[in-house]
Each structure stands twice: as structure tokens, then as C-alpha cells.
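Please read the structure below before turning to the comments.
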Amino acid sequence: MDLSLDETQQMLKNTAKDFFATECPETHVREMENDKDGYNKQLWEKIVNQGWLGVPFAEKYGGFGLTFLEFCILLEEAGRVLLPEPLFHAVLLGGMPINIFGNEKQKDELLPKIISGESIATLAFHEEDDSILPSSIQCQASMSTNGYTISGTKMFVPFANISDMIITIARTGDKDTDLSAFIIPSTAEGISISELSTISSDKQSVINLDNVQIPATNILGQKNKGWELVEQIFSFGAIGKSCEMLGASEKVLEGTVEYAKTRTQFGRPIGTFGEIQRHCSEMATIVEGTRFVIYEAAWKLAQNKNAKKEVSMAKSWTSDSHKKVCAISHQVHGGIGFTKEHWVQLYSRRAKAAEIAFGDGNYHREKLSKLLGF
Amino acid sequence: MDLSLDETQQMLKNTAKDFFATECPETHVREMENDKDGYNKQLWEKIVNQGWLGVPFAEKYGGFGLTFLEFCILLEEAGRVLLPEPLFHAVLLGGMPINIFGNEKQKDELLPKIISGESIATLAFHEEDDSILPSSIQCQASMSTNGYTISGTKMFVPFANISDMIITIARTGDKDTDLSAFIIPSTAEGISISELSTISSDKQSVINLDNVQIPATNILGQKNKGWELVEQIFSFGAIGKSCEMLGASEKVLEGTVEYAKTRTQFGRPIGTFGEIQRHCSEMATIVEGTRFVIYEAAWKLAQNKNAKKEVSMAKSWTSDSHKKVCAISHQVHGGIGFTKEHWVQLYSRRAKAAEIAFGDGNYHREKLSKLLGF
Amino acid sequence: MRFAFTEEEDNFRDEVRKFLKSELPNNWDGVAGNNLEEGASDKEWDFALEMRKKLADKGWLTMAWPNEYGGQNASMMKQVIFAEEMTLARAPGRDGFGIRMLAPTLMIHGTEAQKTQYLPDIAKGNVQWCQGYSEPESGSDLASLQTRAVEDGDDFVINGTKVWTSSAHRADKMFILVRTNPEAPKHRGISFLLIDDMKSEGIKVNPIIDMAGRHNFNMVTFDNVRVPQKNLVGELNRGWYVGATLLDFERSGVEYSSRCMALLTELIEFAKTNKRGGKYISEDPNITKEITEIYTEINVSRGMSYKIADMQSNGEVPNKESSMSKLFGTVLEQKVADLGMQILGMYGQLGPESKHNKLKGKIEQEFLSSVSATIAAGTSEIQRGIIATRGLGLPKP
Amino acid sequence: MRFAFTEEEDNFRDEVRKFLKSELPNNWDGVAGNNLEEGASDKEWDFALEMRKKLADKGWLTMAWPNEYGGQNASMMKQVIFAEEMTLARAPGRDGFGIRMLAPTLMIHGTEAQKTQYLPDIAKGNVQWCQGYSEPESGSDLASLQTRAVEDGDDFVINGTKVWTSSAHRADKMFILVRTNPEAPKHRGISFLLIDDMKSEGIKVNPIIDMAGRHNFNMVTFDNVRVPQKNLVGELNRGWYVGATLLDFERSGVEYSSRCMALLTELIEFAKTNKRGGKYISEDPNITKEITEIYTEINVSRGMSYKIADMQSNGEVPNKESSMSKLFGTVLEQKVADLGMQILGMYGQLGPESKHNKLKGKIEQEFLSSVSATIAAGTSEIQRGIIATRGLGLPKP
């Protein structure tokens, strides 16, 4: 049992923290809320140049040869500053499915492009029924002479607007779980992408697929094994999202304590009042509890150990804990915190999106409940 | 909408409050915890002489001709002092089933005895499976030439030790709800009563019925309609118990605020500390919320209006709220509160028993859930 | 004791309901967000003013006023019923500042001239007032306010900044607390003034956009703004006590429970008629348990409000009760909004402007607005302090 | 980073487990109630002492001690594992007062004579110490303690009252904080003394029975009790700082999560194998949701403890982390106990002495004992204050 970072991890963390502090100030986050693309190409290039898109991938593809765990450390730091750039998506929803489920040819061809930032891929899972179940997938992929013809509508696809590959989950058989994953170029004929306006001002899209033709070689992983891909990537996604929330929680805690020290009312800093002390100590305790439960799951996932329970514990806990931390912060900040110009609301709006991404608290509690034999 | 007590109600409340304050001090409550009978005959006689056993019954039986609502006012005051005497049981579990479901003969014969304290009746519902469902009743009543033969085991029967009549719910048919209620003299052959030692130091018993013979006239209400009796009496019971909890909550709040004013630490009354102020204001708010929801149900029950939702709202709310009030009180009192010699633990131990009596929070939430159409 | 309304009260409720049904557009759904009855857009605002006039014509806005000022001395319960029905219908048009705050203050502390000048317009719904109380450095600690008013000839000259001024950008006039004696103890150097024209020279209204993206609050700056001395209400330097005046007009907080019930009712309907993962959302025990709890809590919250109305009917003055009602009711607003987000799942992210939204994107707006519930108009912390000290008699910290 | 134990650690855990399996009676179930490892009855106490001797023989009790005092300088994780296994097995025999509190204090502040006299007996498990800290008027505000010690010849003469003295009725000796200079500021007039014999003239141990009906706490009165001056530990009037000494011996609070997990495991088993209303209790979604939440929280609590052990391993000194671990872990104990009561329904009312009880009546006892969890050894309020001021640097109130 060793909860400390090793040298590489610590260095990565320090570098990322410094980098993001400089490159991703609050002004940048605000600017990207209204940006057409939702990210800044110059900053994205700098991130690419750090090599961070290659953290969990093998060196032969241009990666760092590290693991998911190290990528989580990055995500925690990205979460701290609410990084708008698609680091999470490009690596976790684009690169990792290909790395884990792709054949050698796909990996050789696509991973270097993803790692070098030449290409951005994303994952299209959700449909109109937004539950995370095989049965909610209605999108059809039928065999045709030249490959597959895919039709359907995908909802809530993150960063589809800037992705050139959409890894799409579609139905390929009659059984509930007869799903497969396909790599679809976003330029393919029959695709139309329209953006959603969301609470967290991020980029999510609706994708319409109208008889989109793709070659048979674009299948990712085995036919009818797409649900396995979803389950695995959603586990990584749940933990990755939790890491972002952890970083965000830490920042909210720090900022709130700082405010409590400096804001005075009734002739003294509000941090001297029992209620405010209680608020701050509750936040600190929640955040303290969050770190272990997330990294335990991240480590197990990175080690390819069975981490089903840990993932569900981490995501259900963090979905709630981060929401609570933001709520307490608002309470300490009073009126100023819910104005558009204050930083806290940037965090609390995104907390909602993170809470429900890759399964909300109830979803993961249900899952854990089954794992406990209920 | 009028939340005030009328003149009679106010007088009853004042009289009861004064009476109990004098007659039922903490020493009495403690004494009865270890008393063989669990109540004091002299005090019981005084209560009888107040006429309070007749509050909700017609004058022709010797009652006050008031309603369940007025009896609730009494129970609130009894709850405030944790009255050990079987006021709740004699009226609510003994008198009311007879008053509502008995035939004229039974009422003429039994109610005057109950009101005058000559007789005490109680209700035996629970069995080994402690759920409140028709199917949990296994106790059998079979027709015999002279009446009924009853066999089975009843659990958690309050004050069976001092009751001369046990109103017993038993199975009289094949359908799930084919239950009937019987008035069984506790001296009948085949009955054995053994006491349970409980968290609230009250008197609950296990009753074994081994081929107990009773005349057919001892059936209470119609054959196979016993479940209606249970449902109705359990509604009264839930609200009556809630009233006791309300009175207890009020006392716990008062006593805790008093302690916060007088106990000093760090050179000042602990009631000046933000955390303690928070505790006290939370308690006060909870108690404030409790009163309305209980009396709304009590009034509707007394008016014979449909009060199913209100009863379940009141009992689920109060089961939780009183528990919370006791927990906060312990927190304010610190160590002294959980010593045997302190008054708070008298309340918190009984809170547990009251919480689960006549359905706990989850039970009533489920019920309400169905009433809301789920 | 009687937990039912009288026939007269029931009739009044029906009358209000019928009126609202006829006056509100078909399928009227209110303006999204639970803290902005009047709405944020110009169109919403115009409609609110139109409704206000009609309500004024009905006499309902001033029904709580004493007869001598043209009111009806209406019973507390009637006021509560009116508030409930307006809130349940999400109807705009009430006037918190003029009718419920300034008018009672003028009735007690105003000169005859002030009453004659201001009350009739307020009663008719002709004028929009706003309230200049909070300042950037004086939030919970309002009495530390620093906006200065200096006597100069027949005028006061005001300099300073007010903040959280709801509807200042819509308002014609403002009542304001200013410091007129900086030497005196903080509660004893404050005066209560009336500003007749928000367009006066030196007044600047700066919008504060909230996290739901809407404009309700403002920061108002005063740069040598002149106000005639006759606009002083009550005595000089006694403004703190003038400002604290409240007649027993309905302030039970029944809006909390009504607002919650309106939303919960919609959520229940939605959960019963929409499926997720092949099952109705209402079949999810996590959801139904929460609905049931909140349903009960709404009833508790309503009870707290009725209690306050009942006290006022009996001539008692609520103090801790109002704080309890707010403390409890505002948390409830947050719970309902959060439940709504749970029920909507991924769709909870989508606001009114998104075509794929559910329930018109209302839940996203309610969720964002609900953040301020436990903060605005006295934080929960302040309410708990009032309950503890004024209500329970605990010594001040 | 590594979220698994080393092979050596796993082996050690196995060794402890095997030892406990062989030494504890079949179906050993601990002594009911979560705050009384040693049990309340004479029989339980005797068994605890017996176990203590065996654990001492194994060297486990003192494994955290430095080599020079006969310890093993054991790693923090090994200590945590030992604590976990002892707690999971509900095994009695550890010695909080002698081994974990007094010994480290003597190692730093004791004279050579004191070390020679006291440490060996503590290490062998031969002697029971108790702790004379709290007083009736000095609970959370311990430094205000009033028990006086006056120098008189070669002795101190002690007068006063100590309270909440766990196991005083079992103890041979006591370490005590006394006021030796009533004129000095409150932290600077306190001394740390050793009382060699609890049977000394003038000492009276008065039982305090807790709400579960058990005797663990005592009130101890001192009436001119003489203690030789050589029993002063550290400097005169510096006892506050002597008493605050703690070596980095395991104090991760891992007992909270282990205790909860032991109980939750039993409750899960019970819910899966017992029916109510024709269904297994584990089919009730209210119950399973709560089990799932608590299961997660136990994991979080364990993580907090591992973090503390990890800090200590790295030579860091936890401060707010210990308070957080206690704050979170003790609430969890109350939640598990309350869950147990829910699961047992009407049977939750029945304690160990009732023949109709379930799970041996343990839940009733756990429930009653759990009340003290958030109070004893520093209330949650005090913990939150420590986190806020010492941990987060907020100014003192």
C-alpha cells in the first residue's frame, strides 16, 4: 500500500499543474464557453507538444508508455482549471478504444495520428433513451456488399464538432447485446452534426446517421462485442471524469477557504464564524475522502485488475461529493458566487455534467448493489 | 384553516401538562423502567379519575364525547414526560377497536369498564414475521362447536402483562386478508405471556396461544374483516405515537437549549458557539415542522376524512425527525448525555421504539408512494 | 383546530384560479427559474406589468392594506390562498417592493404628503419600486452600509454603491438606506430616503448576470445624486428602524411550498409517462423514494407557512417562524430542482434554448436558479442565527 | 502508487488472522457494542487480559516501539494491518493507555528511572493504566482543568475530580493532568503525574453507567491523594505539552472502517438469508441502497486511514487528517448501527439478554453505543474546529 506518487508521476503532476496554471486561466475557460469550436488550437498544440495525448499509449505509437493511472494524474490537474481542450476525449474516448480493441493495423495507423494531434476521435454511445444499457442502442449497422450501412441518431456526443472520427456503437444482431463499434469518418456522406447548448457550456452534439456507408475494416473490435468496449471505456470514463471532479473539488476548496479568510463581515473574517468553519471543514473532509477511492480504482484499472466495485464506488461517491463541495462553496460565497462573473459557478455548472457522465450516483449504486450480490 | 386549539382543547392541554409535570417526574419514569408491571397503580388511578381514558368516547359509555384529536393533545403531553402508564394503549389499542368495530352489546359492556379503568385491553397483531402485512398473520382461529379455537404466537404485544383482554388478530379463512379480531380474556386457558426486555424499557410481551377456546360472540367486528380493523387502528396508532414523539421532541429541544445556555466551556456558554447555535436552530426547525403534519392527520382522522396520505406523511416524517432531534441533543450535551443518569438517553432510547411502532419511515414512505400512484 | 378552508376561502381560491385561467395564455408555464416571478425578458416584464394592473383592478394586490388606504383588511388566510394560487400557476404580477415593503413603511412612518403622493400609484400598479439595501461590503452585515447621504441645502447628496438590486433596471423609483451620520454607532446613523427617478443624474444601473445567464440583479452606483429632504421617511438617522418596519402583511413563505409543489407535480407526471431503459422512470425506487420524501417535506413546509399566517391572524408576531420557514423551504427548492435533474438524466443538461430539451428546459433553469435560494434574502446561516438568538434566546456569539 | 499490500504484509495479515482464529473461542463474536473492546463484564475483562499477555508475547503490542525499548520499529502499514485484523475479528487485548499513550510519553519526557520502572511492565501487558484528563467542568475545554496538586514535602497532594475515566475500575495505575500553578495562563500551570496505585488512600472510583447499561466510564475523586515528586513526568507546569506528546504510533483511525465493515458484513448476510413479508430483506431497495452507500463510505473511511499511515511512513505528521478520519468514521459507525436497526425491524428493540433477539441482540447494543461515537475522544464539533483552524488555516473564532 503506497499512496504516494513515484518520481515520474510527481514530475508529470508538477509539470501539468504549472502548465495549466499558466495556459488555462479563468479567462480562457470563459472564452471557450462561447467559442465556436470550444477549444483553442494554439493551446491544443501546446498540449500535444507536451506529449500528453500519448501518456497511456506504447512508445511505438509515439506514446509515453505509461498507464491510465498517469493519465488520471493529468486529468486531475486539467479538472482543477476546467480545461476546455479535448484532452479527456481525445485520449479516453478516442485513443483508448482503439488501443484496447483495435487490430494491429488500426492501431498502427490511427494511434500515431491521435497522439500527434493530427486526428481527434470521440465516442458516440448515447441515443434518445439516455440509459446506459445495450437495449438503448437503436442505431442499426447492416452488412452491405462493401461493408456496413449505418443509420440512427446519436445524442450527447462530446466534441463531435471537432472530431474527424466518430467511434459509433450500433446494433449488428438480434440479441440485446449484439452491438458493435465502428470507426466512422465525420466527413462520411449521410452524417449531420448539430450542437447542443448545455449547462456546462461544453460541446456536445446530436449526430444523425442516414445510411452512412463504411468499409468492413472500420469495425473496431469483434462483431457483436461492442458492449464490452462500452463497459470498459465507460469504466475508464467514469474514473477519468472522477479525477477531473477531484481536481475541481480541490480548487473549489482552496478558493473557498481563501475567500473565508479575506472576506469580512461584522468586523471580522467570515472564516472565524462557526458555521463557516463547519462548512470549510466539511468540504475538506469530503475532498480528502475522494482522493483515495478514485485512485484505488484508477490503479486497479491501470493494472488490469477487476475494478468493477471500485469504479462504481468511486463514481457514485464523487458524483455526490463534488456536487456537495460546490454547494457548500456557494453557501460560503453568498451572492457573489452565483453571478456569471464569479469563478465558483463555472465549477458548479460543470459539476452537474460530470455528475451524470458515465453513469450518475444512482446508476453506479445499482451496479455496486448487484456486485454485492443483491 | 385554524391551527389554534379551541377552549376545551386548550384547557385539556393545560391540565394535562400541569398534571404530568407534577405526577410524572423523571424519577417516576426511571422507577417504572424496572417495575414489574411497568406502571404505577396509584398514578394510573389518578389518570383514570381525570376521565382521560374516556376522552374520545361517547358520554353514554362514561366518556367525554370528544374526538381522537383531543386524545392526541393528551398524548403529546404524555410524550413530553415519557409517561410510562398505559394511557396510549388502553384507549387507542383497547378502547378504540371496540368503539369502532364492536357491536352495541360489546360497547355497552366493555367501554365503560375500559373508561373506568376496571379493565385494560391491548392489541396483539405482530407475529414472528414482524412486517405489517395480512400475510404475516399465521395465528389460526378455527370454528368449533362452541365458538373459536385459537392457536399461534403473538410478538411485541404492548402491556399484555397487565391487560385482561387481548384483542387478537387471527386467520379465519384462506384468502390473504381473511383475518378477524377476537377479544380474548388474558385468563383464558392455553394463554401464556412472557415479557421481552426492550431498548425502551417498556412492557412488550410474547403471547403463546395454545388451543384457546372463546365463544363466537367474542369476535370483534365482522368475520374476515380484521384487516380493516388493523389498518384503521394502525393509522390511529401511527398518529398517536407521532404525537408522543412530538411532545418528546419539544421537551428535548427545550432541555437542550437550556443546557446550551448554562453549560460553559472556553469561558462562555456553549450556546454562543456557531456550531451549537446551528444544532439548536436545526432542532427547532424540525420540531416546528413536525407539529403541523401530525395534527393535520389527527384532525382528518378525527373527522373521519380520508387521511391515508397524511398519516403516512406524518409517521414517516416524525419517525425521522424525532430521531434527529435526539441525535442533535446528544451532540450538544456531549458525554453527559449518554450516561444512564442523564435524561436525554431516556428520550433517545424510546425514540427508537417509537420510530418503528406502527410502521417505520420506510414503511410509510412505501405506502405514500403507492398513494401517489407509483 | 381545523385543517380545512372555509367555504368563503374555497370560493375565493376558485375565483383566483378562474381569473388566472382566463388571463394567462393557454399552457402558461410561468417564466423558468424559481426566483424571477417577473421574468427576465422585456416581453415577460411587459406581461407582468399587464397582469399587475389587472390584479390591482381586482383589488387583490392591496387586499391586505387597511381600509383607510383603500385596502380590504383581508384575512391572513385569504392572503395565503392568493399567494399559493399565484405561485402554483406561476403567474407574474405581484409587487413585492411597492405594495408589500414600501407601502406599509409609509403608512406608519410617512408624512401625509408622502402617503398622498406615493400610495395611490403603488396601489394601481402604476409604478415599479426597487430596494437599495445591500452593498458590496455589507451583505449579511447590512447595518455596516457605507453609502453616504450628506445634507446640502434642501437636498441630500448621495454617493456610494448598492448591489443585488433586483429589477433596478426596470424600476421607476427606489427606496434606499443611506448613512447620514458616520460617527454614530452603526445602526444609529442610517436614514431611509425615497428616490423619485431612477433616471436621475448620477445614477448608473449596472447589470449583474446570474449563473443561469439572466438579468435580475444590478449594481447601482450613486455619484452626487440629489434627493430633496422631503423624501426622508421617518426621522433622520432612524432609518434602520424605519426599514425594519413590517406590517402583518402576508409573509408566511408559502411561495416555497407552492413553487416546489408546482414543479414536483410536473416531475411526477413526467416520471409516470416517460421511459428510460424500457421502464417508466416512476418504476425506479430511487426516484419514487425521493419524490415521496419531498412530497412530505412540501407538506411540512406548507404547514410552517400556515402556522405563520395563523399566528398573524391571532395578532402574534412571528420571528423565528419566518426564519424557519425560509430555512426549510429554500433547501426544499434545491432538492426539487436536483430531483428534476436526476429524473431528466442526460437531458437535464439542456436548457430552454435547446430543441432536444425535455420539460422545455425548465429544470436546467430551476437547478441553476435554485443555487441562490439558500443565499438570497438572508442566507441560511443568518436565518439559523436569528432562530438561535432571537427565537431560542441563546446568547449572541 | 500501489493499492495492494506487499507479500510480506499479506503474510503478516495471515499470521495475525491464524493466531486470532486459534486463540479466540469458536464463533467468537466480540463483546457487543463498538466502543468497549475490552468488554464490560469481569469475564470479558479477564479474557481481554489473557489475550493481552499472548499478544505481548508475540511482540505485536509493542511492535511500533523503537528497538531500544524492545520494540520492532514496525512499519506503519504493518501496524494498520494489525489494527484492522484485531478489529475485524473483534478481538480484545490491545492496550491504548499504557502502550499507545503513556509509553511514548515516557520515552520522550520520562527520567531513566521512570522508563526502567514502567516500560517493561507495560510491554508485558502486566499492568493496566488509565487516563485522568477530563473533568466535569472541563470537557472540550480540557486546558481549563481544576484538579489541584500542591507540593508538600517529597509529595504532591492531589484534590479534585476526573470524569469519563475509562476502565478506572480495572486500572492499577493512572497518569493524570493536574493544576500545579493556578495563577499562570491555563495551559502553563498544568503538570503530568503518575499515580502508582489506584487503591491509594483518598481515591474513589465511582462508576458511570452508559445508556447501554454498561460500565466503562468512571468518575474518580481525589481527596488529599499523595504522589511522590519523582512521579512528575517532564517539567513542573509543562504537563500540557507532555500530555500532548504522541509518537508516530499508529493512529490512523482504521478501527472505524474495520468495525463498520465487520458489522456491515453480518448485516448483508442477515439481509440475504432472512425474510420479511415473504421477501428477503435484501430485496428491499431501501435497504440495499443504504448498504451500498455505506459500503462505499467504509471504503472511503479506510482510505483516509491508509492516507494517514502513508503520511506517517513518509515522515509527515498528520493533523487535520486524523480529525477528518475520526469525523467521518464515527458518523459512519452511527449509520451502520442505524441501518442494522432498520434491517432488524421490531427485533431491533431486543438486546442480548432477550431470547427472541436476532444477531444475538448485538445491534441494539451497537446502536446504543454508537451514540457516543461522535462525542467521545473529541466531539465532531471539536474535530471540525481543528480541521478549520489547524488544517485549513482559518483564523480562530
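Reckoned from all heavy atoms, side chains included, excluding hydrogens, waters and symmetry mates. Because the structure is a prediction, the values reported are computed rather than measured. A note on names: the letters A, B, ... follow the listed sequences, proteins ahead of strands, and every chain is numbered from 1.
A tilted orientation is assigned to the rings of C/Phe3 and B/Trp299, their planes being inclined by 30° to 60°.
Interface remark: C/Glu9 contributes side-chain atoms only to the contact with chain B (heavy atom separation under 4.5 Å). For chain C, no part of B/Asp320 is nearby; none of its heavy atoms comes within less than 4.5 Å. Proximity to chain C involves both the backbone and the side chain of B/Tyr295, based on heavy atoms less than 4.5 angstrom apart. Of the atoms belonging to C/Met1, heavy atoms from both backbone and side chain fall under 4.5 Å from chain B. With a threshold of 4.5 angstrom between heavy atoms, C/Lys307 approaches chain B through its backbone and through its side chain. Contact annotation for B/Lys305: neither backbone nor side-chain heavy atoms come within less than 4.5 Å of a heavy atom of chain C. With a 4.5 angstrom heavy-atom cutoff, C/Leu327 touches chain B only via side-chain atoms. Both the backbone and the side chain of C/Tyr295 have a heavy atom closer than 4.5 Å to some heavy atom of chain B.
Of the residues considered (B/Val257, B/Ile286, B/Leu372), B/Leu372 shows the highest number of contacts with chain C, using heavy-atom pairs under 4.5 Å. Of the listed residues (C/Leu392, C/Ile386, C/Thr389), the greatest number of heavy-atom pairs within a distance under 4.5 Å of chain B belongs to C/Leu392. For the set B/Ala260, B/Pro269, B/Gly271, B/Ala302, the entry with the most heavy-atom pairs within less than 4.5 Å of chain C is B/Gly271. Note: B/Thr272 leads B/Thr272, B/Leu371, B/Val293 in heavy-atom pairs under 4.5 Å with chain C. Between chain B and the options C/Gly393, C/Ser301, C/Pro397, the largest number of non-hydrogen pairs under 4.5 Å is found for C/Pro397. Between chain C and the options B/Lys300, B/Glu310, B/Glu296, B/His364, the largest number of non-hydrogen pairs under 4.5 Å is found for B/Glu296. Note: B/Leu3 leads B/Leu368, B/Thr290, B/Leu3 in heavy-atom pairs under 4.5 Å with chain C. Considering only heavy-atom pairs separated by less than 4.5 Å from chain B, the leading option among C/Val80, C/Asn299, C/Ile268, C/Asn314 is C/Asn299.
Shown here is B/Lys308, whose NZ atom has no more than 12 heavy atoms of other residues, nucleotides or ligands within 6.0 Å. In this structure, C/Lys186 places its NZ atom where more than 12 heavy-atom neighbours from other residues, nucleotides or ligands lie under 6.0 Å away. A 6.0 Å sphere centred on OH of C/Tyr280 holds no more than 12 heavy atoms belonging to other residues, nucleotides or ligands. For C/Arg390, the CZ atom is loosely surrounded, since the number of other residues' heavy atoms within 6.0 Å does not exceed 12. The 12-atom threshold is not exceeded at CD of C/Glu137, counting heavy atoms of other residues, nucleotides or ligands nearer than 6.0 Å. C/Gln72 CD: more than 12 foreign heavy atoms inside a 6.0 Å radius.
Counting only distance, with no hydrogens or angles, the side chain of C/Glu293 and the backbone of B/Trp317 share no donor-acceptor pair below 3.5 Å. Between the side chain of C/Asp310 and the main chain of B/Asp2, no donor-acceptor pair closer than 3.5 Å is present.
Rounded to the nearest 0.5 Å, atoms CD1 (C/Ile387) and CD (B/Gln277) are 10.5 Å apart. Atom CE of C/Met77 is separated from atom CE of B/Met1 by 6.0 Å, given to the nearest 0.5 angstrom. Here the OG atom belonging to B/Ser281 is positioned 10.0 Å from the CD atom belonging to C/Gln383, to the nearest 0.5 angstrom. Considering CD1 of C/Ile298 and CE of B/Met313, their distance stands at 10.0 Å, rounded to 0.5 Å. With rounding to the nearest 0.5 angstrom, the NZ atom of C/Lys289 is 8.5 Å from the CD atom of B/Glu366. The distance from atom CG of C/Leu394 to atom CD1 of B/Ile276, rounded to the nearest 0.5 Å, is 9.5 Å.
Screening C/Thr292, C/Thr288, C/Ile291 for a side chain to side chain contact (heavy atoms under 4.5 Å, CB included) involving B/Arg365 leaves a single residue, C/Thr292.
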- Task: Decide yes or no on side-chain contact (heavy atoms from CB on, under 4.5 Å) for B/Thr285 and C/Met304, but give the supporting numbers first.
- Result: CA-CA 9 Å; B/Thr285 305; C/Met304 288 181 171; 3.8 Å; yes

